[in-house]
A.B. asks: 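Just dropping this structure here.
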Amino acid sequence: MLTHTQIPRLMSLRRVGFCLSDKKRKRMNLDAFANFCALHGVEVVMIDLTQPLALQGPFNVIVHKMSDIIVEAEHNRQSQQLLANFQSYVSAHPSTVLLDPLPAMTQLLDRFATYRIMSKLENSLQDWRICSPPYLEIHNESDLVSKQTLMAQSLSFPLLCKTRVAHGSLSHESFINHGAVLHKVFVIGDKHFCVERPSLKNFPSGPCDRKTIFFNSHQVSKPESSSNLTALDEQMPCLPPPSSQAIEALVKELRAQLGMALLGVDVIINSHTHTLTIIDINIFPGYEGVPEFFSSLLSLIQSVLDQQTSG
């Protein structure tokens, strides 16, 4: 069996650049993936944004997660330059396929743009009883939210408060009791996988004396999480898993709207209505718990390369 170093560079007509942070590279074990791809005639190149991309190319495909740099470019000149260099290279090489498109990724970095996408999904997927939670945007800290305002937006306590990535304004999202189970849907092109994770326990509805709870959702919903926030206080029957047909319809519609191939969707099952509720859309997620991730990602890349050849 050939190793990566035994495959001559001249034979490798299929080159895929990966533009990821060091943390993301380690999490997905990109070195091992590069060796796996080499055995199938695909060369993986680690892109260094601090160096000219023209000297590192050419690339048939670029797989990237530029979200951190896009956010940092709002206030950091070095990130602005890195982003500009990346965009210039992509513009100068229109035959290079970008996974995924920057405009779609930028949309998902704005929490309220994401909620608007989720609302559109709710309208187009009514037959599957898929919904998104109501939300309210607070533009600055001096804004006062009255009980009447919350009721007008179909919001009630308890509420989730989230920051808007780019500028730090606040969003308030009604909390939906869901039996402390989060369903993470991982999308890799035409394939998708549904993985269960721990989630926030149920809370009583309406105002109460409970203090504000501060938490990191990444910590709470880790596969091995044992947070007291995920432990149900009362006995309750297990909720049925999401309908596979509903998840398939959701993924198909979301990909059609965004034109993206690598994304994740967080969904929960409402404890009272059993409706499927979309609570978040994630850019190039971690794919922890996804079986045969390497082969699925390579299959996506190969299908893109084949389309280039046939086109």
Side-chain angles (χ1 to χ4, degrees), residues 16-21 24-25 27-28 30 33 44 47 59-71 73 83 86-87 89-91 93-125 128 130 132 164-166 183-195 242 246-267 276 278-290 293-308 311:
V16 180
F18 272 77
C19 188
L20 306 172
S21 67
K24 182 70 175 177
R25 289 180 187 180
R27 283 187 70 183
M28 73 167 287
L30 189 57
F33 181 68
V44 168
I47 293 177
F59 306 109
N60 299 99
V61 179
I62 294 179
V63 181
H64 70 97
K65 188 169 184 178
M66 295 286 290
S67 48
D68 288 346
I69 291 177
I70 293 172
V71 171
L83 180 59
F86 184 82
Q87 290 174 316
Y89 179 86
V90 172
S91 297
H93 298 80
S95 62
T96 299
V97 177
L98 206 59
L99 292 178
D100 276 314
L102 286 176
M105 182 176 287
T106 304
Q107 267 194 91
L108 294 180
L109 290 174
D110 184 326
R111 195 178 296 281
F112 301 112
T114 300
Y115 286 149
R116 287 190 288 271
I117 292 169
M118 287 157 54
S119 296
K120 286 177 64 178
L121 288 172
E122 179 178 354
N123 293 331
S124 58
L125 296 167
W128 294 102
I130 296 175
S132 60
R164 183 173 184 170
V165 174
H183 301 275
K184 297 189 76 71
V185 182
F186 295 109
V187 181
I188 310 173
D190 293 331
K191 300 179 182 179
H192 66 271
F193 306 85
C194 196
V195 178
I247 293 294
E248 186 173 350
L250 168 61
V251 169
K252 183 177 180 180
E253 184 68 21
L254 185 59
R255 288 200 64 208
Q257 284 197 28
L258 292 173
M260 294 178 66
L262 296 168
L263 63 140
V265 190
D266 292 348
V267 298
L276 189 66
I278 313 164
I279 60 171
D280 207 359
I281 305 171
N282 306 301
I283 301 165
F284 200 163
Y287 293 101
E288 289 92 350
V290 172
F293 169 61
F294 279 7
S295 58
S296 297
L297 181 55
L298 177 59
S299 178
L300 168 64
I301 291 170
Q302 287 174 325
S303 69
V304 172
L305 292 169
D306 290 342
Q307 287 173 14
Q308 279 185 323

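Worth knowing before you read on, the calculation uses all heavy atoms, side chains too, and leaves out hydrogens, waters and symmetry mates.
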A.B. asks: Output the distance between atom CD (Q302) and atom CG (L297), rounded to the nearest 0.5 Å.
C.D. replies: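 Going from the CD atom of Q302 to the CG atom of L297 covers 10.0 Å.
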A.B. asks: Rounded to the nearest 0.5 Å, how far does CD1 of I62 lie from NE2 of H93?
C.D. replies: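 It is 9.0 Å, given to the nearest 0.5 Å.
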A.B. asks: Show the nearest heavy-atom pair for residues A246 and L276, with the distance to one decimal.
C.D. replies: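 That would be CB-CD2, 4.3 Å.
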A.B. asks: Indicate the atoms forming the closest heavy-atom contact of F59 with Y89, along with that distance.
C.D. replies: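 In this case the closest contact between F59 and Y89 is CD1-OH, 3.5 Å.
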A.B. asks: Give, for atom CZ of R116 and atom CG of L121, the distance between the pair rounded to the nearest 0.5 Å.
C.D. replies: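 One gets 13.5 Å once the value is rounded to the nearest 0.5 Å.
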A.B. asks: Hey, could you give me the NZ/SG distance between K24 and C19, rounded to the nearest 0.5 Å?
C.D. replies: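 Going from NZ on K24 over to SG on C19, the span is 13.0 Å.
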A.B. asks: For a 4.5 angstrom cut-off between non-hydrogen side-chain atoms, does M28 reach L20?
C.D. replies: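 Sidechains of L20 and M28: in contact.
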A.B. asks: Which atom names give the shortest non-hydrogen contact between I278 and M118, and what distance separates them?
C.D. replies: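 The pair with the smallest heavy-atom distance is O-CE, 3.1 Å.
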A.B. asks: Do the two ring centres, one from F186 and one from F193, sit under 6.0 Å apart?
C.D. replies: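 Not close enough - the centres of the two rings lie 6.0 Å or further apart.
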A.B. asks: Starting from the C-alpha separation in whole Å, work towards a yes-or-no answer on side chain to side chain contact (heavy atoms under 4.5 Å, CB included) for L250 and W128.
C.D. replies: CA-CA 9 Å; L250 168 61; W128 294 102; over 6 Å; no
A.B. asks: State, with a plain yes or no, whether a side-chain heavy atom of L102 is found less than 4.5 Å away from one of I70.
C.D. replies: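 L102 reaches I70 side chain to side chain.
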A.B. asks: State, yes or no, whether a side-chain contact exists between I281 and L254 at a heavy-atom distance under 4.5 Å.
C.D. replies: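 Answer yes - side chains close enough.
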A.B. asks: Please round to the nearest 0.5 Å and tell me the distance separating atom CG of L83 and atom CG of D68.
C.D. replies: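 It is 12.0 Å, given to the nearest 0.5 Å.
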A.B. asks: Taking the side chain as C-beta and beyond, is there a heavy-atom pair between L263 and I283 under 4.5 Å?
C.D. replies: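 No. Closest side-chain heavy atoms not under 4.5 Å.
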A.B. asks: Using side-chain heavy atoms (C-beta onward) and a distance below 4.5 Å, is T96 in contact with V90?
C.D. replies: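 Answer no - side chains too far apart.
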A.B. asks: Is there a donor-acceptor pair closer than 3.5 Å between any side-chain N or O of S119 and the backbone N or O of Y115?
C.D. replies: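 Judged by distance alone, yes, a pair lies under 3.5 Å.
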A.B. asks: Which word best sums up how the rings of F284 and Y287 line up, parallel for under 30°, tilted for 30 to 60°, or perpendicular for over 60°?
C.D. replies: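 Ring orientation of F284 relative to Y287: perpendicular.
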A.B. asks: State whether the side chain of Q107 and the backbone N or O of A113 hold a donor-acceptor pair below 3.5 Å, judged by distance alone.
C.D. replies: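 Such a contact is absent between Q107 side chain and A113 backbone.
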A.B. asks: Are L99 and L300 packed together at the side-chain level, in the sense that at least one heavy-atom pair is separated by less than 4.5 angstrom?
C.D. replies: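 Side-chain contact under 4.5 Å: yes.
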A.B. asks: Answer whether the closest heavy-atom distance between the side chains of S21 and K65 falls below 4.5 Å.
C.D. replies: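 Result no, sub-4.5 Å side-chain heavy-atom pair not found.
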A.B. asks: State, to 0.1 Å, how close C194 and H183 come at their nearest heavy-atom pair, and which atoms those are.
C.D. replies: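 It is SG-CB, 4.0 Å.
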A.B. asks: Please answer whether the main-chain N or O of A261 pairs with a side-chain N or O of D100 as donor and acceptor at a distance below 3.5 Å.
C.D. replies: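 Yes; judged by distance alone, with no hydrogens or angles, the pair exists.
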A.B. asks: For the backbone of N60 and the side chain of Q308, can you confirm whether one donor and one acceptor N or O come within less than 3.5 Å of each other?
C.D. replies: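 Pair found, side chain donor or acceptor close to backbone of N60.
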A.B. asks: Show the nearest heavy-atom pair for residues G286 and R27, with the distance to one decimal.
C.D. replies: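 Scanning both residues completely, I find the closest heavy atoms to be CA-NH2, 4.2 Å.
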A.B. asks: Which heavy atom in I47 sits nearest to a heavy atom in R25, and how many Å separate them?
C.D. replies: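 Smallest heavy-atom distance, with atoms named: O-NH2, 2.9 Å.
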A.B. asks: For the side chain to side chain contact (heavy atoms under 4.5 Å, CB included) test, which of N282, V267, V265 pairs with K184?
C.D. replies: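 When side chain to side chain contact (heavy atoms under 4.5 Å, CB included) is applied between K184 and each of N282, V267, V265, only N282 qualifies.
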A.B. asks: Distance from K120 atom NZ to N123 atom CG, nearest 0.5 Å?
C.D. replies: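 Taking NZ in K120 and CG in N123, the distance rounds to 9.5 Å.
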A.B. asks: When you compare the side chain of L108 with that of M260, does any pair of heavy atoms fall below 4.5 Å?
C.D. replies: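 Side chain of M260 against side chain of L108, heavy atoms only: contact under 4.5 Å found.
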A.B. asks: Should the pair H64 and F86 be assigned to parallel (<30°), tilted (30 to 60°) or perpendicular (>60°) ring geometry?
C.D. replies: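 Geometry flag for F86 against H64: tilted rings.
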